[in-house]
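Worksheet: the structure to be examined is printed underneath.
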Amino acid sequence: MAAPLDPRVLRGSRRRLILAGAIVVLEAASALLLVLSSLQVGRVLQVVVVGNDPRSALYPVELFGIFFGLRLASVQLASYVALRLGSDLADQYRRRLIDHSRSYRVAESELGYLVTDGMQSVVNYVQRLLPALVGSVTVTPILMFFVLSQGVLYFVELLVGLAVLPILMIVIGQATRDRAVEKLDATIRLNALYLDTLYGLGTLKSLNKAKLQTVSITRATSKLKRSTLSVLQIAFSSGVALDTLVSIVVAVVAVSIGIKLNDGGLTLGVGAAILFVTPEVFAPIRGAALQFHSSQDAVAVWDRIEAHVGAKDEAEVEQREIRSIQAESKVDSDLKSLEFCAFGVVVLERRLELRLTTQLELGQWLGVRGESGSGKSSFLRALVGESSSVGEAAIRLGPGTIRALTTTEIAYVPARPGFFEGTLQDNLCLYRSDATVRQVGEALKVVRLPDFEARLSQLVLPGGANFSSGERQRLALARAVLSGRDIWVLDEPTAHLNPSLEKEMLEDLKSLSETKIVVVATHSELVTHHCERVVEFSEGRCLLQR
């Protein structure tokens, strides 16, 4: 069972400690003001009901208004201070995560959620839960001491009620924490699916596969709905249980006061004061218990950020600035095969565990299939070193000779190829700076862009903005063909092409890759037809079909 207040709220910040101290002072002041208010209520009832002197009640009524107004002001000020503390904490964690993401890969959908809605949940956690918890250790003891000074019986009755509360809080808290983690996973999963679908919408549309994504998104939405409803059900049930307990205790205290009044052992003023503060004895603890379910959203966000920021990555993600890739390919003529041994990627927030074991000989293609968001691009990025991976991918040079795969042996064509400011020839020769104009022209013919040979001196805008999506994809493919590297890793290489053009280009690529190994992620049945090996990603798992 987690502590009521996460220690990370106050850790490592003198400013937050000062703000927390201010909240303690304000909550204690509100308790004292409440006691003074209750005494004035008792005096009013005593002089009006018992003394039958309404005029004498004017002064205590004025005092009640002053004390109660000051109490409301102290409660509001405590909430404001907690808001400032929460904002300071959220800013700290937001900066840490963003700084971390510059060096280590964090999924875009997860990063976007954590630094926006996730940080808002942290602010809400501190603003709502911290004053309630502070009140539990300041307001409640002060009020209990006041009740004890007025009568031991009422103190014991309240103490019994308070003893039952922790049991309810433990049960509620444990159930809530599990549901909060489940809800966070479902939210990030849905964000990832939306983002992947948006990025690949052009490809899906060109292949007439866009409607298939509705199934995955509907499934993810239903899961998020179920997890959210389960949290709300716990919140409702806990609210009913706590309200019932408080009502029972207040009723018991009221009956005891009535009996004492009837026996003449208690004055109406004292009885009214005790009854006035009785619900407030439980208010801070009840408020903390009711806020606990929502606070676990913030704790889940914290845990996820700590998992990113605090963890030591097994391998630092390469920051592949597109200009720095201009290194001449080292072609290994002794390459025999590419072997995967439980190689793949594990993405906990999306519940992906993709591990592939197979072997590819020269000239063979591995087709990676699956609906958008199933992990195809994540698998390719792990293979080319752009994200962390699990397992091993190795090169076999001959009998008994194996070495690790290096990124200098791979020509990578992502779904959204990168282009930098420079000439078209500079962009095409990214992997191979010594390529001749004739070689560049031959690569352009393979991708069915022969007219571009006359445009090699054309200036390319950042991101290739002066080319269409299909042209950018084919130019990136020409860059891979020109590289001379042994392994091609292609992400939707024939997107935006009509079937006849796709068929012609694939035939040439298949012929050129007789001395290569190709790993290709695709939705296209035609591309899959050219693959000797096919792996299907579905439901977060990997299935080798042939």
Side-chain angles (χ1 to χ4, degrees), residues 23-79 131-165 242-289:
I23 294 174
V24 172
V25 173
L26 290 168
E27 289 292 335
S30 72
L32 293 174
L33 289 167
L34 180 63
V35 170
L36 294 174
S37 300
S38 69
L39 292 174
Q40 302 312 311
V41 170
R43 286 180 60 186
V44 170
L45 291 177
Q46 185 72 29
V47 299
V48 173
V49 177
V50 178
N52 196 23
D53 185 10
R55 290 186 179 182
S56 300
L58 294 178
Y59 181 65
V61 167
E62 292 175 357
L63 289 178
F64 172 80
I66 294 172
F67 293 145
F68 200 76
L70 289 174
R71 178 177 182 268
L72 291 178
S74 66
V75 170
Q76 291 298 318
L77 188 55
S79 178
L133 289 175
V134 171
S136 300
V137 296
T138 55
V139 175
T140 298
I142 290 173
L143 297 182
M144 287 291 288
F145 182 78
F146 168 71
V147 173
L148 178 61
S149 67
Q150 303 301 318
V152 177
L153 175 62
Y154 318 116
F155 174 82
V156 172
E157 291 171 344
L158 293 178
L159 195 62
V160 172
L162 289 174
V164 177
L165 271 180
L242 293 171
D243 286 341
T244 302
L245 175 62
V246 173
S247 298
I248 291 173
V249 174
V250 171
V252 171
V253 172
V255 169
S256 299
I257 291 174
I259 293 174
K260 286 288 186 179
L261 288 174
N262 187 58
D263 293 343
L266 185 70
T267 64
L268 179 60
V270 174
I274 295 173
L275 196 59
F276 185 81
V277 301
T278 295
E280 297 297 327
V281 171
F282 295 91
I285 301 177
R286 177 181 175 277

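Nothing here was measured: the structure is a model prediction, and the numbers come from that model.
Residues Ile142 and Leu32 share a closest heavy-atom pair of CG2-CD2, 4.0 Å. Minimum heavy-atom separation, Val75 to Ser30: CG2-CB, 4.0 Å. In terms of heavy atoms, Val147 sits closest to Phe155 at CG1-N, 3.7 Å. Between Ala31 and Leu143 the shortest heavy-atom distance is O-CD2, 4.0 Å. Residues Gly135 and Glu27 share a closest heavy-atom pair of CA-OE1, 4.0 Å. In plain terms, the two heavy atoms of Val44 and Pro60 that are nearest each other are CG2-CB, 3.8 Å.
Put simply, the side chain of Arg43 reaches to within 4.5 Å of the side chain of Leu63, judged on heavy atoms. In this structure, Leu158 and Phe282 have side chains that are in contact, with non-hydrogen atoms separated by less than 4.5 Å. The shortest distance between side-chain heavy atoms of Val277 and Tyr154 does not fall below 4.5 Å.
Looking at Gln40, its side chain never comes within 3.5 Å of a backbone N or O of Phe64 through a donor-acceptor pair. For the pair Ser136 (side chain) and Ala132 (backbone), a donor-acceptor distance under 3.5 Å is present. At distances below 3.5 Å, not a single donor-acceptor pair connects side-chain atoms of Thr138 with backbone N or O atoms of Val24. For the pair Ser79 (side chain) and Gln76 (backbone), a donor-acceptor distance under 3.5 Å is absent. In this structure, the side chain of Ser149 engages the main chain of Phe146 through a donor-acceptor pair within 3.5 Å.
In this structure, CZ on Phe276 lies 10.5 Å from CG on Leu39, to the nearest 0.5 angstrom. Separation of atoms CG (Leu162) and CE (Met144) is listed at 5.0 Å; rounding is to 0.5 Å. Within the model, atoms OG of Ser74 and CG of Leu26 stand 6.5 Å from one another, a figure rounded to the nearest 0.5 Å. Interatomic distance, Leu266 CG to Leu261 CG, rounded to the nearest 0.5 Å: 5.0 Å. To the nearest 0.5 angstrom, Leu70 atom CG is 12.5 Å from Leu34 atom CG. The line from CG of Leu33 to OG of Ser38 is 11.0 Å long, rounded to the nearest 0.5 Å.
Salt bridge annotation for Glu280-Arg71: present, with a cationic side-chain nitrogen under 4.0 angstrom from a carboxylate oxygen.
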